[in-house]
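Here is how names work: the chains are called A, B, and so on, in the same order as the sequence lines, proteins then strands, and each is numbered from 1.
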Amino acid sequence: MPDTSKIVSVKDAVAAIRSGDRIMVGSFGNAGYPENLVETMTASDLKDLTIISNDLGSPGIGLGKFLANGQIKALIGNYYNWNPDVARAYNAGEIDVCLVPQGSFAEAIRAAGVGIAAFFTPTAAGTVLGKDKETRDFNGRPHVLEHAIHADVALIKAYKADELGNLVYYKTARNFNPLMAMAATLTIAEVDDIVPVGSLDPECVVTPHLFVNMIIKKGEK
Amino acid sequence: MPDTSKIVSVKDAVAAIRSGDRIMVGSFGNAGYPENLVETMTASDLKDLTIISNDLGSPGIGLGKFLANGQIKALIGNYYNWNPDVARAYNAGEIDVCLVPQGSFAEAIRAAGVGIAAFFTPTAAGTVLGKDKETRDFNGRPHVLEHAIHADVALIKAYKADELGNLVYYKTARNFNPLMAMAATLTIAEVDDIVPVGSLDPECVVTPHLFVNMIIKKGEK
Amino acid sequence: MKEIVPGDIARARIARRIASEFMGRDRTMIINLGVGIPTMVANFIRSDRIFIQAENGMMGVGPKAAEGEADSRLINAGREPVTETPGCSYFDSAASFGMIRGGHVDATVIGAFEVDQTGNIANWIIPNGRQLGVGGAMDLVSGAKQVVVAMRHNGSDGRPKLVKACSLPITGFHEADFVITELGVFRFIEGVLTLQEIAPEIDLTRLTELTEAPFVAAADIKVMDS
Amino acid sequence: MKEIVPGDIARARIARRIASEFMGRDRTMIINLGVGIPTMVANFIRSDRIFIQAENGMMGVGPKAAEGEADSRLINAGREPVTETPGCSYFDSAASFGMIRGGHVDATVIGAFEVDQTGNIANWIIPNGRQLGVGGAMDLVSGAKQVVVAMRHNGSDGRPKLVKACSLPITGFHEADFVITELGVFRFIEGVLTLQEIAPEIDLTRLTELTEAPFVAAADIKVMDS
């Protein structure tokens, strides 16, 4: 193991997060959701969080706990129909919600990770979700300008990490995780297993270690 | 094997290419260069080609053969210092050359593949290579607008294909190949080996089969 | 109002008709299936040339997982546990929507609240304060090569869903290619809504009454398989 | 003109000084090395916290391949056959430049024709009609967190390379953080070119004569390791 290990306790990892932070959380439904990190955060005093995620789980379940706990200031994501608490809180003026079409959302997170400031996509041009966005024709078709979506912290769920922080994922639990791993100032990966350096096939590493700042092992305190 | 096999002879593959086409060719130096496809094309009557590639090999070697043969109308790429014939032909007015910084070049090819019309990048802002490009500040820093780079045909070098056309690559021979595989109307992959469906790990497929139209096996006619 | 075709039969008919549309094509087809009737299309596909893409990051989605074999980490975009097919692959959401936006998905099958005579589709929200989500709907209708709308011909209140102009927020403009209901197969041909097949239960007069959008009947109109 | 420091010694000194700069940092460093002197930096790194990225698609580049073990498919960005290190990984060029442009590479070490007093770098072309290539130079200088210029202090004709204003086409504006030559270690501190170390062979007066760009000497200036 290298002398600067990234492996930390979930408590130390969460101690690096501040109230008011913009937090990306990987997952699609409950697939690829960093359970320990979220559990620990929802048991903390952290508040005024902006949660950037595909959805917000179900009422009181998964990411839904953040909302049930009143820890959320704003949401950036694309699909909250699985958790009707979101529409309720939004209508009551308790939280802000910014809806971005799922493909544009994924691409905007990637853009932040790879240093692209903004991009033109045909998705949503002319619709309610595109109406406040700069619109321009390319090849005779309207496109909207979508800006990169950054975060202070990304909470990632991976299947395995090696001791350097190289990550691989598990089936459709991959989803937004590799994108968010690139797009935050601090990336914390929760993994099922930590394996020795050299155990992962270099051709199959999905997230190279340079994107990962901290690793916690699922189920450990 | 499915009843609509993509596996064809190199002759049949090259027969689908037309003079005047925009051709992407994977490779960095000679790593990841589809040798049989290029050999067959350079032995053909194809001309007025626009070759979109990182570099143009060395004089008379690899992609350099296209130039030695007078088959090139224009080049889009980023590094021709390994092949001084390119500067010579350009200065003599024999070919057009469009230089795009390597990172912007890679990203513009990806953009074409994923339906992004254009993107803002800080690379080259204010320089000779950015001077004719729309420039805009984001976060106080100038960015240039780069447009997607499409092709009619992509010539890809992969390590293995399964019979559906899923591809994996070999070490740094990966380079531009997976990007170009997405960015052309017709994608032809030259591979070292063709393996049965189910042989490749679904987590490690780099180019899913939907991007591949034809497969030829290296060394077969 | 008595239904002309009962719900279960209607849904299966629509799904089967769409599957046969894809199976009738002489080439590989990459398709994406939305929730509801679209998902049922998979049950009727008998072809090794048709591959199902799920926008949450999978190419080659297999049948629903059997009871006891479900893995919450292997799901489709409707959060249902599914299975693998040989030659499948996994990728992240940006790559997945890259396939969709880049025009590499041959067809998306989606449900809709309304489709209008210009091919506009409204399927993402009914503004009633209870929904807050778009998912991949806008990306799919603007990106897929063909958009196949699978929907009941009329709402539960009898109101036509093929309308002159959508009243609900639009998902995509002029994107519908096929609209397949239990009463007919409609296709936009050069922008004109054209009836290609009609259900055996009704005639053209009755179908016209049940459809707000004007349409033309194809010269070679056929009876839809029941 | 007689060289103050012979070429071989100069190049090794520059490379070794840059390696020690990185080894002196108490954290993981991801570095990218250009061709020429920058590539030599790898020879002096003794640390398991420093990882070399190659922009042609590799993280964790190892030493040059031994004669007979070279594989033309495993190369660095200078087309030299290299080896793997444990924990290395491969990726495509868009992902590679995503790392660079996205600010995930801690430092890039590059050669240069000229660096000026504002930190502008000219290293991609001498307009003489014989060169036509930019490679990743512009991406690297604009994307890497720190830009370390490794170059001889003067050209072969004695002309200073640290100049008032670049005369050649610019690669990136105000991007240089360190300029390390065989005669000194310079750092841009709040925009001011500051000499931090000076070679044992010369004094400040002589160095000032050999340098066109104005610079200040740090209060705690040190003698550079020879």
Participant: Could you report the tightest heavy-atom contact between A/Thr127 and C/Thr171, atom names first, then the distance?
Facilitator: CG2-O, 3.7 Å
Participant: For C/Ile100, is it the side chain, the backbone, both, or neither that has a heavy atom closer than 4.5 Å to a heavy atom of chain A?
Facilitator: neither
Participant: With a 4.5 Å cut-off on side-chain heavy atoms, are C/Ser72 and A/Asn30 touching?
Facilitator: no
Participant: Roughly how far apart are A/Phe176 CZ and C/Asp92 CG, rounded to 0.5 Å?
Facilitator: 9.0 Å
Participant: Which one of A/Leu99, A/Ile109, A/Leu179 has the most heavy-atom pairs closer than 4.5 Å to chain C?
Facilitator: A/Leu179
Participant: Of all the heavy-atom pairs spanning C/Gly78 and A/Trp82, show the shortest one and how long it is.
Facilitator: C-CZ2, 4.5 Å
Participant: Given the options C/Gly143, C/Gly129, C/Ala95, which has more heavy-atom pairs under 4.5 Å with chain A than any of the others?
Facilitator: C/Gly129
Participant: Can you see which heavy atom on A/Gly29 is nearest to which on C/Arg79, and at what distance?
Facilitator: CA-CD, 3.6 Å
Participant: For A/Val206, is it the side chain, the backbone, both or neither that has a heavy atom under 4.5 Å from a heavy atom of chain C?
Facilitator: neither
Participant: Quick one: closest heavy-atom pair of A/Arg141 and C/Ser142, and the distance?
Facilitator: NH2-O, 2.7 Å
Participant: Please check if atom CG in C/Asn128 has more than 12 non-hydrogen atoms from other residues, nucleotides or ligands closer than 6.0 Å.
Facilitator: yes
Participant: Above 12 or not: heavy atoms from other molecules or residues under 6.0 Å from NZ of C/Lys145?
Facilitator: yes
Participant: Heavy-atom cut-off 4.5 Å, strictly under: side chain, backbone, both or neither for C/Asn76 against chain A?
Facilitator: backbone
Participant: Which heavy-atom pair separates A/Ala87 from C/Leu132 by the least distance, and what is that distance?
Facilitator: CA-CD2, 4.0 Å
Participant: What part of C/Arg130 is in contact with chain A, defined as an atom under 4.5 angstrom from a non-hydrogen atom: side chain, backbone, both or neither?
Facilitator: backbone
Participant: Supply the atom-to-atom distance C/Phe91 CZ to A/Arg174 CZ, rounded to the nearest 0.5 angstrom.
Facilitator: 9.0 Å
Participant: So, A/Thr172 side chain and C/Asn56 main chain: donor-acceptor pair closer than 3.5 Å or not?
Facilitator: no
Participant: Taking atom types as modelled and ignoring hydrogens, do the side chains of A/Thr123 and C/Asp139 form a donor-acceptor contact shorter than 3.5 angstrom?
Facilitator: yes
Participant: Which of the residues C/Ala94, C/Ser96, C/Gly57, C/Gly98 is involved in the greatest number of heavy-atom pairs with chain A at under 4.5 angstrom?
Facilitator: C/Ala94
Participant: What part of A/Ala108 gets within 4.5 angstrom of chain C, counting heavy atoms only: side chain, backbone, both, or neither?
Facilitator: neither
Participant: Cation over ring, C/Arg73 on A/Tyr170, under 6.0 Å and within 45°?
Facilitator: yes
Participant: Heavy-atom cut-off 4.5 Å, strictly under: side chain, backbone, both or neither for A/Asn91 against chain C?
Facilitator: side chain
Participant: As an exercise: rank A/Asn81, A/Asn83, A/Val100 by heavy-atom pairs under 4.5 Å with chain C and give me the winner.
Facilitator: A/Asn81
Participant: Would you say that more than 12 heavy atoms from the other residues, nucleotides or ligands in this model lie under 6.0 Å from the NZ of A/Lys160, or not?
Facilitator: no
Participant: Given heavy-atom pairs under 4.5 angstrom as the criterion, report whether the side chain, backbone, both or neither of A/Pro84 touches chain C.
Facilitator: neither
Participant: With a 4.5 Å limit on heavy-atom distance, are the side chains of C/Val134 and A/Tyr79 in contact?
Facilitator: no
Participant: Mind listing the closest non-hydrogen atom pair of C/Pro169 and A/Val128 along with its distance?
Facilitator: CB-CG2, 4.1 Å
Participant: Are C/Met58 and A/Lys171 packed together at the side-chain level, in the sense that at least one heavy-atom pair is separated by less than 4.5 angstrom?
Facilitator: no
Participant: Counting only non-hydrogen atoms closer than 4.5 Å, does A/Ser104 touch chain C with its backbone (N, CA, C, O), its side chain (CB onward), both, or neither?
Facilitator: both
Participant: What part of C/Ala77 gets within 4.5 angstrom of chain A, counting heavy atoms only: side chain, backbone, both, or neither?
Facilitator: both
Participant: Donor-acceptor pair, distance only, cut-off 3.5 Å: does the side chain of C/Arg101 make one with the backbone of A/Thr121?
Facilitator: no
Participant: Heavy-atom pairs under 4.5 Å with chain C are the metric here; pick the option from A/Leu129, A/Val86, A/Asn177 that has the most.
Facilitator: A/Leu129
Participant: Side chain, backbone, both or neither: which part of A/Tyr90 has an atom under 4.5 Å from a heavy atom of chain C?
Facilitator: side chain
Participant: Indicate yes or no: at least one non-hydrogen side-chain atom of A/Gln102 is less than 4.5 angstrom from one of C/Phe97.
Facilitator: yes
